[in-house]
S.K.: 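Input: one structure, supplied below.
The model shown is predicted, which means the values in this text are computed figures rather than measured ones. Note on naming: letters A, B, ... go to the chains in the order of the sequence lines (proteins, then strands), and numbering restarts at 1 for each one.
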Number of protein chains: 2
Amino acid sequence: MRIGELAAATGVEVETIRYYEREKLLAPPGRQSNGYRSYGKQHLERLAFIRHCRALDIPLADVRRLLGFLEAPGNDCGDIDQLIEAQLAKVRARLQSMQALERQLAELRRRCDARHVTAECGILHELVAAAHGEACACHGEPQKRGEK
Amino acid sequence: MRIGELAAATGVEVETIRYYEREKLLAPPGRQSNGYRSYGKQHLERLAFIRHCRALDIPLADVRRLLGFLEAPGNDCGDIDQLIEAQLAKVRARLQSMQALERQLAELRRRCDARHVTAECGILHELVAAAHGEACACHGEPQKRGEK
DNA sequence: TAAAAGCTTGTAGCTGCTTCAGGGTCAAGG
DNA sequence: CCTTGACCCTGAAGCAGCTACAAGCTTTTA
């Protein structure tokens, strides 16, 4: 299987596959006599696994760890459990702040009722006022995203 | 006001302030005789405005546009309206996929009931199975994030 | 007086890709 | 036989939005 075929089979772009190889997430494939990469079934499965993890928004570093667990059975399962738990917590935290964000934006939009000049735009006024420190859900919370 | 004071006043890191200046989001401040940056009230307000927009996850390019609107009153308010509308749509889309993600992870976690070796880890099994194409909410949807 | 804190500039690093430049390989059509 | 086009190769740079150096100033504090 050449790289383009693997790409078509998994829906992953060719460049991304090469990137994963560089990052040592995907084992280096065999090579044909002309230098083209040659993949087997195990590559396809591994790539699908990686993409599934990525769909769960698991960072590549953690995917690497999971792949390590796959490689070495007999390890403590608690580590995996913890990894997923942490990921869930991260997602939930982001979900929360995104919901707050949605409310904010919806409220902001409500302010604009077809006035015509920006000088009178409720949205802009609101943004300025909020920046001035009036009651506002965004300000005050220490960090919203990239919450470490 | 020196840069450190502005940073303390707004909760924005010093490096970030200098970055905004480089990116022309913040007007170049005056300088003291020793070369230190010297900020006034208008800088503080502008910075607060930027941070407020960022808290709403509005990209810097759009913040730049909003700042332009602030500068030039008399423009059509519809543009602002549209910008916020688009932002709201973006946030809602991400919210949706994040909710799906949360369900997935919660389900995944449920699989792990204190077994001890990774070889028998329900989570890992599940991830592998899902990657194989069994029924799975993550796969099948074209794109989850960076949905263009 | 000396260390610590704060400022300056410029540059590189982070994540997870994506894109580009500059080539080689191969099958089909004229 | 030659060209066109699709595919492949490597290596490097670019994206957002910061963050973190390095190397050298000034100012404040002990």
S.K.: Roughly how many Å is it from CD1 in B:Ile58 to P in D:dA16, rounded to a whole number?
M.R.: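 These atoms are roughly 16 Å apart.
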S.K.: Starting from C1' on C:dG13, measure out to CD on A:Glu23 and report it in whole angstrom.
M.R.: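 Rounding to the nearest Å, CD of A:Glu23 and C1' of C:dG13 are 13 Å apart.
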S.K.: Over how many whole Å does the gap from B:Arg94 atom CZ to D:dA16 atom C1' extend?
M.R.: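 The distance from CZ of B:Arg94 to C1' of D:dA16 comes to 12 Å, rounded to the nearest Å.
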S.K.: For D:dC18, does OP1 or OP2 lie under 4.0 Å from any side-chain N or O of B:Arg51?
M.R.: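 So the side chain of B:Arg51 is within the cut-off, an N or O lying under 4.0 Å from OP1 or OP2 of D:dC18.
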S.K.: Go through C:dG16, D:dG17, D:dT19 for me and flag the one nearest to the A:Pro59 side chain.
M.R.: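 Among C:dG16, D:dG17, D:dT19, the one nearest the side chain of A:Pro59 is C:dG16.
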S.K.: Report the distance from atom CD of B:Glu21 to atom P of C:dG10, rounded to the nearest whole Å.
M.R.: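 Atom CD in B:Glu21 sits about 11 Å away from atom P in C:dG10.
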S.K.: Can you find a side chain N or O atom of B:Tyr19 that sits less than 4.0 Å from OP1 or OP2 on D:dA16?
M.R.: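 Answer no for this pair, as no side-chain N or O of B:Tyr19 is under 4.0 Å from OP1 or OP2.
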S.K.: Which residues satisfy the salt bridge (Lys or Arg N to Asp or Glu O under 4.0 Å) test with A:Glu85, sequence neighbours excluded?
M.R.: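 Partners of A:Glu85 under the salt bridge (Lys or Arg N to Asp or Glu O under 4.0 Å) test: B:Arg109.
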S.K.: To the nearest Å, how far apart are A:Glu13 CD and C:dC17 C1'?
M.R.: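 Going from CD in A:Glu13 over to C1' in C:dC17 covers 9 Å.
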S.K.: Listing request: all ring pair (Phe, Tyr, Trp, His ring centres under 6.0 Å) pairs with a residue in residues 19-41 of chain B, at least two apart in sequence or in separate chains.
M.R.: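 The answer is B:Tyr39-B:His43.
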S.K.: What pairs with A:Arg65 under salt bridge (Lys or Arg N to Asp or Glu O under 4.0 Å), at least two apart in sequence or on another chain?
M.R.: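 Partners of A:Arg65 by the salt bridge (Lys or Arg N to Asp or Glu O under 4.0 Å) criterion come out as none, since no residue qualifies.
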S.K.: Do nucleotides 6-13 of chain D as a string where each nucleotide becomes B, S or -: B if the base has a protein heavy atom under 4.0 Å, S if just the sugar-phosphate does, - if no protein is that close.
M.R.: -BSSB---
S.K.: Which residue, A:Ser33 or A:Glu15, contacts DNA chain C at a nucleotide closer to its 5' end, judged by nearest heavy atom?
M.R.: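 Final value for this comparison: A:Glu15.
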S.K.: Report yes if a side-chain nitrogen or oxygen of B:Thr16 is closer than 4.0 Å to either non-bridging phosphate oxygen (OP1 or OP2) of D:dT19; otherwise report no.
M.R.: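 So the side chain of B:Thr16 is within the cut-off, an N or O lying under 4.0 Å from OP1 or OP2 of D:dT19.
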S.K.: Tell me the interatomic distance from B:Asp57, atom CG, to D:dA16, atom C1', rounded to whole angstroms.
M.R.: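 Going from B:Asp57 (CG) to D:dA16 (C1'), I get 11 Å.
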S.K.: Does the pair B:Asp57/B:Lys90 count as a salt bridge with the N-to-O cut at 4.0 Å?
M.R.: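 Judged by the 4.0 Å cut-off on N to carboxylate O distance, B:Asp57 and B:Lys90 do not form a salt bridge.
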S.K.: B:Glu5: what forms a salt bridge (Lys or Arg N to Asp or Glu O under 4.0 Å) with it, not counting sequence neighbours?
M.R.: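 Partners of B:Glu5 under the salt bridge (Lys or Arg N to Asp or Glu O under 4.0 Å) test: none.
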S.K.: Could you work out, with salt bridge (Lys or Arg N to Asp or Glu O under 4.0 Å) as the rule, every residue matching B:Arg92, not counting sequence neighbours?
M.R.: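 For B:Arg92 the salt bridge (Lys or Arg N to Asp or Glu O under 4.0 Å) partners, ignoring immediate neighbours, are A:Glu102.
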S.K.: Quickly work out the A:Leu25 CG to C:dG16 P distance and round it to whole Å.
M.R.: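 Nearest whole value for this atom pair: 10 Å.
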S.K.: Would you mind telling me which of D:dT19, C:dT19, D:dC18 lies closest to the side-chain atoms of B:Leu60?
M.R.: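 My answer, after comparing the listed nucleotides, is D:dC18.
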S.K.: What integer distance in Å separates A:Gln32:CD from C:dT25:P?
M.R.: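 These atoms are roughly 13 Å apart.
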S.K.: Quick test of your reading of the model: are B:Arg110 and B:Glu107 salt-bridged, counting only N-O distances below 4.0 Å?
M.R.: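 Salt bridge between B:Arg110 and B:Glu107, a charged N being under 4.0 Å from a carboxylate O: yes.
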